[in-house]
Protein chains: 2
Amino acid sequence: MSCQTGNIGRVFHALGDPTRRAIVEKLSEGPISVSQLTQPLDITLAAVLQHLQVLEESGLVRTEKIGRVRTCSIEPGGLSAAEKWIRDRRTLWERRLDRLGELLAESGEE
Amino acid sequence: MSCQTGNIGRVFHALGDPTRRAIVEKLSEGPISVSQLTQPLDITLAAVLQHLQVLEESGLVRTEKIGRVRTCSIEPGGLSAAEKWIRDRRTLWERRLDRLGELLAESGEE
DNA sequence: GGGATTGTCAAGTGAATACTTAAGTATTGT
DNA sequence: ACAATACTTAAGTATTCACTTGACAATCCC
């Protein structure tokens, strides 16, 4: 299996920060360097680097350094665990609501 | 529209905490009271209450007090904004990777 | 009424967070 | 070689967080 589970907490925590979400959104358009990433944000490059570390540890982002520039890109499977967790919750309680609906319909019929 | 956007940050932040995820998971099975919610968790009722406040503000959970017991339940649309954000990112970069794949295939063919 | 249950509120505490600054280290271009 | 670029690292700071304690309120049951 491609994705280690147990990162769900880290992923949600990473996405809880607006700057980090902005980084992920930017990277969705394609890979760019740390300084390019920093430019539109209103914080120092050092701060961006710290966010990138969080994002890497959560498995959402991958970075590679070539020469003096570190290029950041989306890790394509990074969101799947979180997506699955959400989907699982949804189906669980939708199923529950359906059962509830049936019960109400039955009791209304007789 | 049923869901206020702008909560995405709050939702992700709320789900970043393991205790809060445990609460949501428990509530997925059905509505229960605050003390029932507290019982399996290793923290005080007051702490659970604080988590519940975060969850309510994020739109993930709804609570209602009847008599002396406050009953907590899932707010069924609460995850949709987060789900949409994730889906949007995914389709964005999958589309990008597809284009990239096409380019590589083309250059390999000739 | 009185005692148990269930929840509420307000401080307070220690740890984690998101930043900054400042002083490095490589790498590249001239 | 030298200067600019692009990042790295460490230390410090203010804020936010998760949690506790303890005093309080409301409700239920006998």
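For the numbers below, each heavy atom of this structure counts, side chains included, while hydrogens, waters and symmetry mates do not. Proteins come first, then strands; the chains are lettered A, B, ... in the order of their sequence lines, and each starts at number 1.
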**Q** Identify every side-chain donor-acceptor pair in residues 34-41 of chain B under 3.5 Å, counting partners at least two apart or on other chains, and give the distances.
**A**
residue: S35(B); atom: OG; partner: S33(B); partner atom: OG; Å: 3.4
residue: Q36(B); atom: OE1; partner: S33(B); partner atom: N; Å: 3.1
residue: Q36(B); atom: OE1; partner: S33(B); partner atom: OG; Å: 3.3
residue: T38(B); atom: OG1; partner: V34(B); partner atom: O; Å: 2.8

**Q** Within this structure, what is the CZ-to-C1' distance between R20(A) and dT17(C), rounded to whole angstrom?
**A** 8 Å
**Q** Let me know the distance between CD of Q39(B) and P of dG7(C), rounded to the nearest Å.
**A** 12 Å
**Q** Rounded to the nearest 0.5 Å, what's the gap from CD on E57(A) to CG on L52(A)? Could you check?
**A** 11.0 Å
**Q** Strictly below 4.0 Å: does H51(A) bring a side-chain N or O up to OP1 or OP2 of dC19(C)?
**A** yes
**Q** Which whole-number value in Å describes the distance from L45(A) CG to dT25(C) P?
**A** 18 Å
**Q** Rounding to a whole Å, what distance do you find between L49(A):CG and dA18(C):P?
**A** 15 Å
**Q** Would R21(B) and W85(A) count as a side-chain contact (heavy atoms from CB on, under 4.5 Å) here? Give the steps.
**A** CA-CA 10 Å; R21(B) 272 199 316 282; W85(A) 187 90; 3.9 Å; yes
**Q** Nearest-Å distance, CG (D17(B)) to C1' (dT16(D))?
**A** 13 Å
**Q** Under 4.0 angstrom, heavy atoms only, what part of the nucleic acid is I43(A) near: base, sugar-phosphate, or nothing?
**A** sugar-phosphate
**Q** For residues P76(A) and R62(A), determine if any side-chain heavy atom of one lies less than 4.5 Å from a side-chain heavy atom of the other.
**A** yes
**Q** Could you state the atom-to-atom distance from CZ of R70(A) to P of dT27(C) in whole Å?
**A** 12 Å
**Q** Do any side-chain nitrogens or oxygens of H13(A) fall under 4.0 Å of OP1 or OP2 in dA16(C)?
**A** no
**Q** Does dC7(D) have OP1 or OP2 sitting under 4.0 Å from an N or O in the side chain of S35(A)?
**A** yes
**Q** Taking any heavy-atom pair under 4.0 Å as a contact, classify T44(B): base, sugar-phosphate, or nothing.
**A** base
**Q** Classify the side chain of Q50(A) and the base of dT9(D) as holding, or not holding, a donor-acceptor pair under 3.5 Å.
**A** no
**Q** Would you mind telling me which residue lines up with the more 5' stretch of DNA chain C, S33(B) or V54(A), judged by nearest nucleotide?
**A** S33(B)
**Q** Between T71(B) and G67(A), which has a closest nucleotide on DNA chain C that is more 5'?
**A** T71(B)
**Q** Calculate the interatomic distance between R10(A) atom CZ and dA16(C) atom C1'; express it in whole Å.
**A** 15 Å
**Q** Does a distance-only test, which skips hydrogens and angles, find a donor-acceptor pair under 3.5 Å between the side chain of R68(A) and the base of dT27(C)?
**A** yes
**Q** Please report, rounded to the nearest Å, how far the C1' atom of dG7(C) is from the NZ atom of K65(B).
**A** 5 Å
**Q** I would like to know whether L15(A) and L79(A) meet side-chain contact (heavy atoms from CB on, under 4.5 Å); could you show each step before the answer?
**A** CA-CA 10 Å; L15(A) 295 178; L79(A) 279 176; 3.8 Å; yes
**Q** Heavy atoms from C-beta onward define the side chain here; which of dC7(D), dT9(D), dA18(D) lies closest to that of A46(A)?
**A** dT9(D)
